[in-house]
Amino acid sequence: MASGTSRDVVGRGLRVLGRAIREQPRIFAVAVTGSVLFGLMVIASAYVVGGVVGKVVVPAVARGSVADGALALAAAALFGISVLRVVGIFGRRLGAGYMQYRLQATYRRRVTRRYLDLPLAWHHRNATGTLLSNANSDVEAAWYPIAPLPFAVGTLVMLVGAVVSLFLTDWALALVGLAVFPALFALNVVYSRRMAPRQARAQRLRAEVSGIAHESFDGALVVKTMGREAQETARFAARAGDLRDALISVGRLRGVFDPMLETLPSLGTLAVLVVGAIRLRQGAITVTELVSVAFLFTVLAFPVRAIGWVLAELPRSVAGWDRVRRVLDATGEMPYGEVALDPATPAPATLAFHDVHFGYEPAEAHLPGAQVLGEVTFTVPAGKTVALVGPTGAGKSTIASLAVRLVDPDSGTVTLDGVDVRELTAASLASTVALVAQVPFVFDDTVRANITLDRPGIGDEEVWAALRLAEADGFVAALPEGLDTMVGERGTSLSGGQRQRLTLARALAGRPRLLVLDDATSAVDPRVEAAILAGLRAPADGGAPASILVVAYRRATIALADEVIYVEHGRVVARGTHTDLLATVPGYADLVTAYEQAEQEREQTRTYDEVTPLTSGLEVEVDR
């Protein structure tokens with residue numbers, strides 16, 4: 001694979017650059033125009049310097065005096081050329097920088113948009129660190145050669161002009177140029193081919209290092225409480241060491257080729273002086289022409305390096321583009337339909353599952369998938385509360401995800417008010433149903449921003465109404481700045497119960513007609529939980545109650561439901577009221593009893609922790 005990459009890296013890299021040019025043709029044209037102007041002025045400056053030496057300096061040395069008029073004319077010519085060179089440099093750098101950063105911003109947006117379009121199954125197969133790398137360092141790497149690209153294109157024009165001018169000057173000097181310039185290009189091609197596998201490996205390791213770092217930071221609580229700091233440090237150090245070695249390999253190869261690329265133009269200048277001296281004695285050229293050609297080779301040394309810069313970065317660009325394209329070309333997105341439920345309908349929605357089957361895709365394509373749900377059929381009637389109960393791994397969270405269309409069933413249908421959720425528009429689905437997940441996610445922003453999410457029509461009055469319904473208005477009012485209080489990253493300044501109530505208020509602020517609670521009040525005191533569910537069933541403001549599908553564990557929560565759906569091994573095995581199931585389904589009775597005993601033990605532990613400081617210094621997260 002590496003050798004194949006090294007053979008075609010130049011072609012693939014040039015295709016990536018071609019894509020960039022097609023996307024930003026006007027900006028590229030401005031940058032190339034500036035670069036071409038600079039290149040032409042470099043050639044012009046060589047011949048002006050030659051003319052100054054041959055027609056001003058040499059005659060002045062012979063006469064012992066300098067002609068003021070000739071000197072002024074030479075100075076004016078050099079000044080004019082310098083001004084045009086500055087204009088060319090400005091246009092080239094401005095255009096190249098604008099083009100590069102614009103492409104990077106565009107593709108960051110495209111990658112992020114693609115992340116949001118792809119289903120959860122795709123995200124489950126890709127590490128968070130890799131996704132961060134795709135949207136950041138891989139995008140940067142893909143368009144990194146854009147900065148020197150206009151300079152390289154202008155240099156190619158300059159080289160053609162230089163060769164033409166050499167032939168117009170003397171065929172022998174032109175042959176020297178024809179030997180040096182192709183040699184430079186060939187050396188750059190060999191360089192880029194050798195660099196390709198090294199850059200690809202380094203880019204892959206960057207993603208792996210990012211992934212391990214993100215995982216370690218995100219799981220800091222587990223790492224510290226399990227005493228795994230040394231092991232996690234060693235794991236990160238090992239992969240960071242691999243990245244270091246990969247980058248050293250890149251630097252070592254660059255250290256070999258860079259001196260060679262710097263030396264060739266100097267050897268060309270030396271060859272020009274040797275051949276030019278012979279041609280000068282033969283009377284084939286003049287001093288002016290010899291100086292012009294020698295100076296031309298001298299000033300070409302730096303611009304020619306621009307070609308090397310582009311070719312040297314092509315392997316990294318190809319590696320980054322391949323990783324970005326893997327995201328952009330990923331399939332499996334869930335397109336929305338065109339049906340919109342009546343937004344003016346205040347009545348709660350009816351949710352129905354009809355013979356739903358679902359299985360998660362395997363992490364690797366050659367492995368069989370895991371069937372999670374089979375023949376799931378039940379209804380959440382309008383305005384009713386249905387509790388979903390079952391042992392761990394029974395498929396409850398998957399049912400919740402299907403209800404809000406985070407995933408689509410393999411077969412069967414999930415409907416809202418009789419409409420297949422796959423036929424609904426994104427806006428209609430978002431305004432009709434809301435999910436409050438097991439793990440509350442809070443943004444590093446104010447309380448107000450976390451609840452409104454910049455959704456139109458949600459002012460402070462609606463925010464406070466949602467907070468009251470979620471039994472969160474009391475603790476928010478007690479915060480130092482109320483709604484304007486910054487809650488910290490992931491809501492670190494709040495307790496677990498406060499975060500859950502905040503995310504519940506976020507869902508309620510949009511006034512959904514169906515509310516899906518996936519164990520969303522597990523960190524809340526049972527009395528507060530009962531008050532929340534009672535408020536949802538009969539809002540204090542007189543509004544219509546939402547239909548509720550709640551994944552429940554506590555007996556008190558389950559008892560509030562109009563109907564209980566008992567799930568085992570991905571199938572609905574019983575339904576009815578809590579009392580009926582306790583009396584008729586032994587598995588259900590055992591499970592609820594076990595949950596109740598575990599809850600009592602947690603409450604006792606929680607009470608003990610509230611009055612007993614921990615010697616480790618870690619704060620116990622309780623509902624405040």
Side-chain angles (χ1 to χ4, degrees), residues 1-10 12-13 16-17 100 103-104 107-108 110-112 114-115 118 122-148 190-220 223 228-258 309-330 363-365:
M1 181 65 181
S3 60
T5 302
S6 65
R7 285 195 297 271
D8 64 1
V9 65
V10 174
R12 294 168 62 201
V16 174
L17 297 182
Q100 180 185 31
L103 281 167
Q104 289 176 352
Y107 274 84
R108 282 196 181 98
R110 290 182 184 178
V111 168
T112 303
R114 194 64 184 149
Y115 286 161
L118 289 167
W122 185 87
H123 287 272
H124 293 158
R125 298 194 302 270
N126 293 271
T128 302
T130 299
L131 302 185
L132 291 173
S133 178
N134 291 152
N136 187 29
S137 63
D138 290 334
V139 169
E140 288 185 0
W143 305 121
Y144 198 80
I146 296 300
V190 173
Y191 176 33
S192 64
R193 287 182 174 178
R194 295 286 183 87
M195 185 66 77
R198 292 172 172 81
Q199 288 281 26
R201 182 169 184 268
Q203 199 65 20
R204 174 177 56 81
L205 288 171
R206 283 188 179 97
E208 293 182 11
V209 169
S210 175
I212 293 175
H214 179 273
E215 193 173 56
S216 297
F217 301 154
D218 213 31
V223 172
R228 304 296 295 174
E229 295 94 331
Q231 289 78 6
E232 280 299 302
T233 301
R235 186 165 74 104
F236 180 81
R239 189 54 74 217
D242 292 339
L243 177 59
R244 175 204 61 207
D245 295 340
L247 293 176
I248 288 175
S249 178
V250 169
R252 186 181 295 117
L253 185 66
R254 184 168 290 163
V256 171
F257 276 87
D258 276 358
W309 295 333
V310 172
L311 293 175
E313 293 299 334
L314 283 185
R316 182 182 175 191
S317 175
V318 169
W321 174 248
D322 285 345
R323 295 170 63 83
V324 169
R325 190 179 61 182
R326 184 184 67 85
V327 176
L328 299 180
D329 293 345
E364 300 180 26

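Note that the structure is predicted; figures quoted are calculated from it, not measured.
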Determine whether a donor-acceptor pair (N or O, by modelled atom type, separation under 3.5 Å) exists between the side chain of R110 and the backbone of L328. no

Rounded at 0.5 Å granularity, tell me how far CZ in R114 sits from CG in D329. 8.0 Å

N134 and V139 have their tightest heavy-atom pair at O-CG2, 3.2 Å

I need the minimum non-hydrogen distance between G320 and A141, along with the two atoms involved. CA-CB, 4.2 Å

Exercise: identify the closest heavy-atom pair between L205 and A246: CD1-CB, 3.8 Å

Look up atom CG in D138 and atom CZ in R325, then write down how far apart they are to the nearest 0.5 Å. 13.0 Å

Looking only at heavy atoms, what is the nearest atom pair of V324 and V111, with distance? CG1-CG2, 3.9 Å

Can you name the nearest heavy-atom pair linking V16 to A142, along with the distance? CG1-O, 4.0 Å

CD1-CG distance between I248 and L243, expressed to the nearest 0.5 angstrom: 10.0 Å

Is there a donor-acceptor pair closer than 3.5 Å between any side-chain N or O of T112 and the backbone N or O of R108? yes

Any chance you could measure L103, atom CG, to E140, atom CD, to the nearest 0.5 Å? 13.0 Å

How far apart are the closest heavy atoms of P145 and L17, and which atoms are they? CB-CD2, 4.0 Å

Nearest 0.5 Å, what's the CG-CG distance between L247 and D242? 11.0 Å

Once the angle between the rings of Y107 and W321 is folded into 0 to 90°, is it parallel (under 30°), tilted (30 to 60°) or perpendicular (over 60°)? perpendicular

